[in-house]
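Accompanying notes for the structure given below.
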Amino acid sequence: MIKISAKNVDVFYGKKQALFNINLDIEENQVTALIGPSGCGKSTFLRCLNRMNDVIDICKVQGEIVINDFNINDKGCDVVRLREKIGMVFQKPNPFPKTLYENISYGPSIHGMAQSKQEMDEIVEISLKKAALWEEVKDRLHEPGTGLSGGQQQRLCIARAISVQPEVILMDEPCSALDPIATAQIEELIDELKKEHTIIIVTHSMAQAARVSQRTGFFHLGELIEHGLTDKIFKNPDNTKTQDYITGRFG
Amino acid sequence: MNLVLFIFIVLLGFTSYYFGRKKAYTIQSTNKRLTALPQFYGYYLAIWCAIPAFIIYSLWAIFEPTIVKLLILSDYANQGYLDDELNLIYEKTKALSRGQFTGEVTSFIQTSSEKYLNLRSIAQSSKVVIVLCIIIASVAYAYKRISSNNRTREPVEKFFNAVLFTASLAAILTTVGIVFSLIFQTIDFFKVIPLFDFVFGTHWYPAKAFVRDSSEALDPTMYSDTFGAVPIFAGTFFIAFIAMCVAIPIGLMSGIYLAEYASYKVRQYAKPLIEILAGIPTVVYGFFAALTVGPFLKDIGTAMGLEVSAESALAAGGVMGIMIIPFISSLSDDVITSVPQSLRDGSYAMGATKSETIKKVIFPAALPGIVGSILLGVSRAIGETMIVVMASGLAANLTLNPLESTSTITAQIVVILIGDQAFGDPKTQAAFALGMSLFIVTLCLNIVALRVVKKYREKYE
Ligand SMILES: Nc1ncnc2c1ncn2[C@@H]1O[C@H](COP(=O)(O)OP(=O)(O)OP(=O)(O)O)[C@@H](O)[C@H]1O
Ligand SMILES: [Mg+2]
């Protein structure tokens with residue numbers, strides 16, 4: 001089933017166009033990887049999906065992005081609700097300077113998801129368990145989140161993102177600041193999470209894209225060159241640029 | 001003459017810089033590798049030219065008068081003069097030699113003054129000669145060193161190091177000196193006035209101490225109930241409190257607005273405009289408070305049937321608060337802006353609105369800096385003098401009514417030290433005791449500020 005469908009999306013930073021006429025459908029409960037050389041617009045596209053580009057003054061988004069039969073670029077779209085449904089994990093772990101507990105409870109309390117302390121405790125525990133962090137931190141929930149290791153911090157950020165039970169999770173190079181072991185943990189986690197969430201991940205690692213994703217989109221200079229099943233893209237791409245990029249001949 | 005010599009040394013310094021560098025180029029042209037960049041050769045020579053000369057020059061300036069005095073007064077030795085009389089003779093001699101002496105001129109003094117002039121001119125010319133010799137010697141020495149391509153970088157670096165060190169040492173020593181002068185005078189003060197009376201007494205009335213005839217012996221009982229500092233401590237904190245009630249909310253909110261809401265354009269104009277407030281001299285704030293705000297409050301108060309003094313704590317504190325706004329606003333703007341964008345993104349991506357993000361993420365993250373800026377504002381408020389002197393009156397009332405006039409530590413120091421005062425008088429020493437108290441309060445404030453900031457740092461890092 002199609003979860004998100006982007007139609008004729010153009011993005012401008014001031015006068016400079018960063019994305020050209022992107023058409024891409026994202027399948028529900030699958031992992032979609034976005035790959036492409038640096039500066040090709042992967043992050044920009046990702047940020048369109050939860051309207052994070054609104055934060056940047058000079059950024060203008062045109063075209064339709066339909067999620068659950070609703071165009072999020074419509075005027076009537078409630079950005080707060082949208083971002084509740086579409087979580088995001090950033091390249092650099094960015095836990096709030098608060099305790100672990102407060103980091104997780106942040107989203108649920110904003111959206112009024114817990115009626116009591118008990119419910120909130122439950123949400124925190126479930127989120128941390130899903131993010132495979134619970135065992136490591138259950139005794140130090142009231143210590144600052146910034147005191148964790150990089151990999152733990154990134155899993156904390158994932159736990160934070162899933163605390164509001166989003167339908168979609170956007171990940172922008174979530175492993176780029178992590179060592180191979182932490183990366184493996186996160187990849188495992190992604191595999192687990194896709195049962196309940198639709199996941200879109202930007203990555204620079206071909207191997208990672210091949211490992212975790214079912215579908216892949218290849219961006220180049222602001223255009224979506226090719227997209228489809230990961231197997232096909234990696235084994236038998238239609239476009240020579242894709243072929244070149246995947247085999248490491250450029251980018 | 002001295003000025004000419006001084007300028008001459010400076011000019012020589014510049015010239016030797018030029019020659020040093022030129023020498024370096026000549027060495028270079030012989031295909032030898034220099035031990036440092038050419039300008040180091042220049043600096044090296046210039047330093048050797050100017051520094052020994054200045055040292056001799058200053059030593060001379062320090063010792064010349066003493067030596068001349070010794071020589072002059074040696075004529076009067078063993079004639080049974082007292083030290084004071086000798087000093088007087090010397091002063092007369094100097095005055096006469098300057099042609100400013102009006103009294104009766106004795107032949108003794110006449111001779112002395114001629115000798116004085118003579119000595120001075122010898123000293124003057126020998127100074128020039130010696131300084132020039134020193135310059136020639138040290139430049140020759142240094143020139144020889146650079147000619148043999150000796151190391152120049154390290155000595156020059158050491159020299160700059162020493163200059164910077166001396167500068168900071170001077171700053172520290174001045175502080176230490178000031179603190180010690182405060183301490184000694186304060187101790188003297190407390191020898192007369194018991195510490196207990198000062199700290200817990202509720203009557204501050206230093207004018208009473210004026211009444212004493214200075215030839216009478218000091219009678220401590222006379223000062224009981226004169227130097228009770230409670231009213232002025234209370235006044236100080238009260239006015240600072242009023243000021244912070246104005247400055248914290250407005251300053252903080254405008255800081256948040258500038259950092260988070262204002263567009264680039266607005267910020268560009270608003271920030272300098274707010275900072276203009278910080279550039280207004282406090283005297284101007286003072287008469288604004290005394291001539292505009294004070295009477296205005298009085299009018300309003302009278303209209304509402306309240307008793308308002310024309311010089312009220314409210315007027316002074318309110319205007320002081322306005323003065324402090326830019327500190328808090330611009331400092332908190334800076335700390336808020338320096339909160340990493342990634343935290344904002346993280347919060348927005350969770351669906352938080354702008355105000356939620358500010359309240360729950362940015363503000364806590366910026367809190368140490370904000371607390372720091374507030375405490376800085378408090379210590380400004382406590383140390384502020386002019387506004388209080390002009391707008392809040394000089395009578396030390398013990399009151400918590402903002403509509404009455406009160407006085408502060410700083411204002412009382414002004415009151416005490418304006419006009420005639422005698423050193424060693426308890427009234428003058430009271431100013432030192434007050435200054436000491438002010439110093440201690442500010443010091444404690446700073447220590448607390450550092451503690452708070454550190455605690456939050458630990459929590460958030
Ligand atoms: N805030 C911004 N202001 C102006 N231009 C921007 C901004 N963010 C991105 N761009 C431009 O948009 C283009 C796409 O940037 P984007 O960050 O989406 O690339 P990317 O594919 O994520 O690259 P990377 O792999 O290096 O993260 C780039 O040319 C970049 O210069
Ligand atoms: Mg990117």
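Order of the sequence lines sets the chain letters (A, B, ...), proteins ahead of strands, with each chain counted from 1. All values reported here derive from a predicted model rather than from experimental measurement.
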Atom [atom1] of [X] with >12 non-hydrogen neighbours under 6.0 angstrom:
{"X": "A:K92", "atom1": "NZ", "answer": "no"}
{"X": "A:Y13", "atom1": "OH", "answer": "yes"}
{"X": "B:F160", "atom1": "CZ", "answer": "yes"}
{"X": "B:Q268", "atom1": "CD", "answer": "yes"}

Checking [X] against chain B: side chain, backbone, both or neither under 4.5 Å from a heavy atom?
{"X": "A:I86", "value": "backbone"}
{"X": "A:V80", "value": "both"}
{"X": "A:P95", "value": "backbone"}
{"X": "A:R47", "value": "side chain"}

> Given that the side chain runs from C-beta out, which part of B:S347 has a heavy atom under 4.5 Å from chain A: side chain, backbone, both or neither?
Replying inline: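 Both parts, heavy atoms under 4.5 Å.
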>> Between A:D57 and B:Y264, is the side chain to side chain contact (heavy atoms under 4.5 Å, CB included) condition met? List the steps.
In response: CA-CA 10 Å; A:D57 283 339; B:Y264 178 73; over 6 Å; no
>> With chain B as the partner, which of A:Q91, A:R51, A:R83 has the greatest number of non-hydrogen pairs under 4.5 Å?
In response: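 Of A:Q91, A:R51, A:R83, A:R83 has the most heavy-atom pairs under 4.5 Å with chain B.
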> Do the non-hydrogen side-chain atoms of A:F96 and B:P364 ever get within less than 4.5 Å of each other?
Replying inline: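 No, too far: nothing below the 4.5 Å cut-off.
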> Do the side chains of A:K98 and B:K360 get nearer than 4.5 Å, heavy atoms only?
Replying inline: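 Side chain of B:K360 against side chain of A:K98, heavy atoms only: contact under 4.5 Å found.
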